[in-house]
Amino acid sequence: MLRKKECVAMLLAGGQGSRLYALTSNIAKPAVSFGAKYRIIDFPLSNCINSGIDTVGVLTQYQPLVLNEYVGNGLPWDLDRTFGGVHILSPYEAKTDTSWYKGTANAIYQNIRFLKIYDPEYVLILSGDHIYKMDYDKMLAAHKKSGADCTIACMEVPIEEASRFGILNTNPDGTIYEFEEKPEKPKSNLASMGIYIFTASKLYKYLELDEADKSSEKDFGKNVLPAMLKAGEKMFSYCFEGYWKDVGTITSLWEANMDLLGTVPKFELRGNDRVIHSRSPLAPPAFIEGEVINSIVATGGDVEGKVVNSVIGTDCVIEKGAEVNDCVLMGNIIVKAGAKLNYAIIDEDVVIGENATIGAAREQAIKLGGKTSGIAVLGRGVKIGKNGKVAAGEIIDKSV
Amino acid sequence: MASTVGVIFSSINEENVPELTKVRSIGSIPYGGRYRMVDFALSNMVNSGITTVGMITKNNYQSLLDHLGSGKNWDLARKEGGLILLPPYINGTETLYRNRLEALKGATSFLKKAKEDFVVLTDSDAAYKLDYSKVIDYHVEKNADITMVYHEHPVRKTHYYMTFDTDKNGRITELEINPSASGVKKNFINVMVARTSFLLRLIQNAIQHGYTSFGRDILSPNLKTLNLYAYKLDSYYANIDSLASYFKANMDLLDKNIRNELFCDRDVYTKINDSAPAKFTATAKVKNSLISDGCLIEGTVENCILFRGVKIGKGATVKNCILMSENIIGENCNLAYVISDKDSVIRDNRVLAGCEMQPYFINKGSLI
């Protein structure tokens with residue numbers, strides 16, 4: 001019997017994520033921690049396995065060490081397979097024409113040989129910086145039913161925000177007649193989620209055409225999709241309803257973390273519905289002695305201080321007398337006695353000394369605005385000394 | 001280290017805790033919020049460099065199998081060796097094993113196949129950390145036939161147990177089974193080291209003579225001829241031999257020092273379960289408790305061990321309790337000294353209380 005896969009997913013995980021500043025100094029964006037015990041890449045990977053897609057190529061380029069280590073053989077997502085499973089695809093040296101991935105389209109182009117091992121009918125293209133739960137199988141069913149060459153997942157966004165996204169202009173039957181990348185005057189509020197299903201043969205064809213086009217930026221949104229549209233290929237929109245968040249900025253990353261809080265959260269991770277899998281750490285349960293209000297706390301922690309409206313990652317120690325408000329603590333962080341943390345994102349392996357002050361109360365910090373909307377950001381491994389101060393909105397990448 | 005094979009008894013002394021072993025082997029008794037008792041023996045083996053482990057099971061081992069799976073969480077899913085389950089083997093005339101020696105008989109083919117020079121035998125009813133390779137080094141140094149590991153604590157007269165005395169070299173000079181004396185003694189913790197070939201000879205000999213008890217028939221009568229040595233476990237040790245000791249062993253984990261002793265290296269392996277992080281709502285009040293992934297806390301929790309996915313309703317007060325996974329405690333409940341087995345539901349406004357020596361026990365899957 002000929003072994004093949006109906007649909008293979010390609011996860012674009014090479015982006016630098018420069019708008020996350022200190023959080024992506026040493027790691028790729030999909031490896032950034034999220035929601036106390038996850039990394040961003042857990043979401044697309046779990047969505048794949050929960051949708052019955054068991055073959056995933058992860059395209060890495062920028063700072064892949066943590067990401068490679070984390071994905072490993074794919075075991076946490078049941079993606080360790082004898083045929084299929086998860087594969088890290090990094091740029092490679094070839095006999096001629098060795099190059100980095102020059103764009104999203106070029107990254108897939110360089111891995112057409114990988115795709116052909118599995119000879120899929122359909123290829124699903126995913127981004128590594130979105131937080132959501134989605135059944136790709138439903139989208140695939142829609143793609144098959146419409147007989148489309150390309151289906152683009154989209155969702156309605158407030159029209160005033162539409163100019164931040166790639167916007168799909170569609171006919172009533174769902175076919176796309178125009179694709180506008182970040183239009184100044186959007187004609188619709190259907191934003192592309194950066195999730196595409198291609199019929200494989202068409203994908204190969206247009207990637208090869210795009211590769212031959214010297215003027216192309218080798219980007220799906222800017223080049224490949226418009227080219228297909230121009231050539232009159234059948235392109236459909238697929239409307240997704242549910243929680244979806246691009247966490248490409250400090251503010252959106254903070255918001256998405258906060259969306260997990262509360263009895264009826266905006267985004268629910270609890271329960272058995274489409275479980276998000278992760279490489280769970282081997283820590284004992286969290287020890288809670290202090291006050292923990294409207295927050296989530298992962299395992300291994302030792303919380304003896306006060307925590308309000310915050311997300312506390314694995315193995316965090318919050319000593320007596322310390323206060324943490326409106327913060328995201330990613331993991332393995334020590335907050336010493338008397339330290340006050342407000343409206344901040346703290347990356348892994350950070351130590352905050354006694355009586356240090358990080359950030360300012362959210363109401364005041366927000367007024368400052370700036371590139372992080374007043375959120376203080378501490379990069380991986382930063383050490384803040386005793387009585388140290390980090391102002392609201394400040395981004396710290398080196399120990400002070 | 002010397003090449004060593006491990007044997008774990010997952011189903012010994014279950015009569016001590018009938019409440020908890022009604023639905024499972026003693027090795028799969030849930031402990032400390034996310035672990036099973038067997039995790040300690042198994043992780044100790046792995047951390048001692050042992051990569052071939054035979055797991056002797058008896059009955060009701062479904063829960064144990066569910067927990068162990070292929071052994072991959074302990075890095076024991078291997079081509080060479082790995083975790084090998086040894087279910088009871090019964091041929092025509094025999095019955096299910098009744099004691100340790102009979103259980104070992106069932107493991108002889110596993111042991112014969114093992115290429116390893118040494119064997120470590122352990123039970124799975126205790127939480128402790130021990131590098132078995134150190135015991136083997138000691139065993140070799142003393143040129144012992146059998147090395148038995150002990151822990152010094154007051155004897156608890158609850159079940160079959162063994163204490164011993166040693167000379168200044170560590171050789172066992174006296175061995176007592178269920179001694180009448182009280183006070184602090186050298187208590188055998190059912191961890192034993194021998195050369196594989198020697199153990200096989202002992203088992204063979206026992207079969208020929210119809211022996212049934214390791215202590216009474218093999219060790220005790222041969223103190224002079226066998227080189228029996230004692231190795232001291234000098235760190236935290238808690239075994240489960242009653243509901244009260246189960247309660248205490250769990251509550252011990254609220255002590256930071258004990259928690260660190262067992263877990264600070266993060267090398268107690270267990271089955272991984274992808275629950276969401278614990279959630280505390282605006283009405284949560286938690287003190288001195290261990291809270292696992294998947295919990296939803298809306299009420300007051302003090303001095304408790306909450307396993308995965310426990311829900312504490314609004315206005316509920318839960319103190320000094322062990323609530324195993326997926327327990328749902330309704331609104332305005334009041335619980336004290338309760339051990340609730342998995343999947344139980346306590347309806348709103350219920351008041352339940354036990355005491356430290358006799359915790360109130362709720363069966364798995366109860367609706368109260």
Side-chain angles (χ1 to χ4, degrees), chain A residues 34-38 42 46 73 75-78 80 257 260-265 267-273 275-304 307-317 331-332, chain B residues 31-35 39 43 70 72-74 77 250 253-256 258-260 262-298 301-311 314 326:
Chain A
F34 177 81
K37 68 175 285 192
Y38 306 95
D42 288 331
S46 301
N73 67 350
L75 189 145
W77 306 271
D78 283 343
D80 52 330
N257 273 284
L260 304 173
L261 304 183
T263 351
V264 188
F267 187 41
E268 182 64 277
L269 289 178
R270 295 172 45 77
N272 298 325
D273 174 43
V275 173
I276 301 300
H277 302 284
S278 67
R279 201 171 274 280
S280 293
L282 269 173
F287 177 74
I288 311 288
E289 169 68 24
E291 225 176 306
V292 182
I293 295 166
N294 191 37
S295 297
I296 58 175
V297 181
T299 52
D302 188 338
V303 181
E304 302 192 29
V307 174
V308 183
N309 301 334
S310 295
V311 170
I312 309 295
T314 307
D315 289 336
C316 288
V317 177
N332 199 27
Chain B
Y31 171 77
R34 73 174 296 188
Y35 304 95
D39 291 339
S43 301
S70 64
K72 68 181 173 186
N73 286 315
W74 295 264
N250 274 280
L253 296 179
L254 297 177
D255 179 332
K256 189 182 273 184
I258 293 173
R259 213 161 57 237
N260 281 343
L262 289 177
F263 302 120
C264 86
D265 292 332
R266 301 283 190 258
D267 59 359
V268 179
Y269 307 103
T270 189
K271 183 183 174 188
I272 304 285
N273 215 300
D274 288 334
S275 306
K279 184 176 274 186
F280 302 77
T281 67
T283 51
K285 286 198 186 81
V286 181
K287 261 198 142 43
N288 194 39
S289 296
L290 285 176
I291 312 289
S292 305
D293 274 355
C295 285
L296 175 62
I297 317 289
E298 301 192 73
V301 178
E302 259 182 64
N303 312 325
C304 288
I305 312 286
L306 302 193
F307 285 68
R308 210 165 19 82
V310 171
K311 284 186 197 161
K314 262 184 212 157
E326 310 295 340

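Note: hydrogens, waters and symmetry copies are ignored here, and every other heavy atom, side chains too, is used. What you see is a predicted model, and the numbers here were worked out from it, not measured in a lab. Letters A, B, ... are given to chains in the order of the sequence lines, protein chains preceding strands, and every chain is numbered from 1.
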Compare every heavy atom of [Y] with every heavy atom of [X], then report the nearest pair and how far apart it is.
X: Ala276(B); Y: Lys37(A); value: C-CD, 4.4 Å
X: Arg34(B); Y: Ile272(B); value: NH2-CD1, 4.0 Å
X: Asn257(A); Y: Gly35(A); value: OD1-N, 2.8 Å
X: Gly300(A); Y: Ala283(A); value: CA-CB, 3.5 Å
X: Leu262(B); Y: Val268(B); value: O-CG2, 3.4 Å
X: Cys316(A); Y: Asn332(A); value: SG-N, 3.9 Å

Pick one of side chain, backbone, both or neither for [X], based on which atoms fall under 4.5 Å of a heavy atom in chain A.
X: Phe307(B); answer: neither
X: Ser292(B); answer: both
X: Leu290(B); answer: both
X: Leu296(B); answer: both
X: Lys285(B); answer: neither
X: Asn273(B); answer: backbone
X: Leu254(B); answer: both
X: Glu302(B); answer: neither
X: Cys264(B); answer: neither
X: Val301(B); answer: neither
X: Arg308(B); answer: neither
X: Lys311(B); answer: side chain

Item to check | Heavy-atom pair count under 4.5 Å with chain B, highest-scoring of Ser280(A), Pro265(A), Ser295(A) | outcome: Ser295(A)

Item to check | Short N-O contact, Glu289(A) and Lys256(B), less than 4.0 angstrom | outcome: no

Item to check | Residue pair Trp77(A) / Asp42(A), side-chain heavy-atom distance below 4.5 Å | outcome: yes

Checklist entry - Tell me, do Asp39(B) and Trp74(B) make a side-chain contact under 4.5 Å, heavy atoms counted? => result yes

Checklist entry - For chain A, which of Ser275(B), Ala284(B), Ala278(B), Ala282(B) has the most heavy-atom pairs under 4.5 Å? => result Ala278(B)

Next on the checklist: Counting heavy-atom pairs under 4.5 Å with chain A, which one of Pro277(B), Cys295(B), Gly33(B) comes out on top?
Outcome noted: Pro277(B)

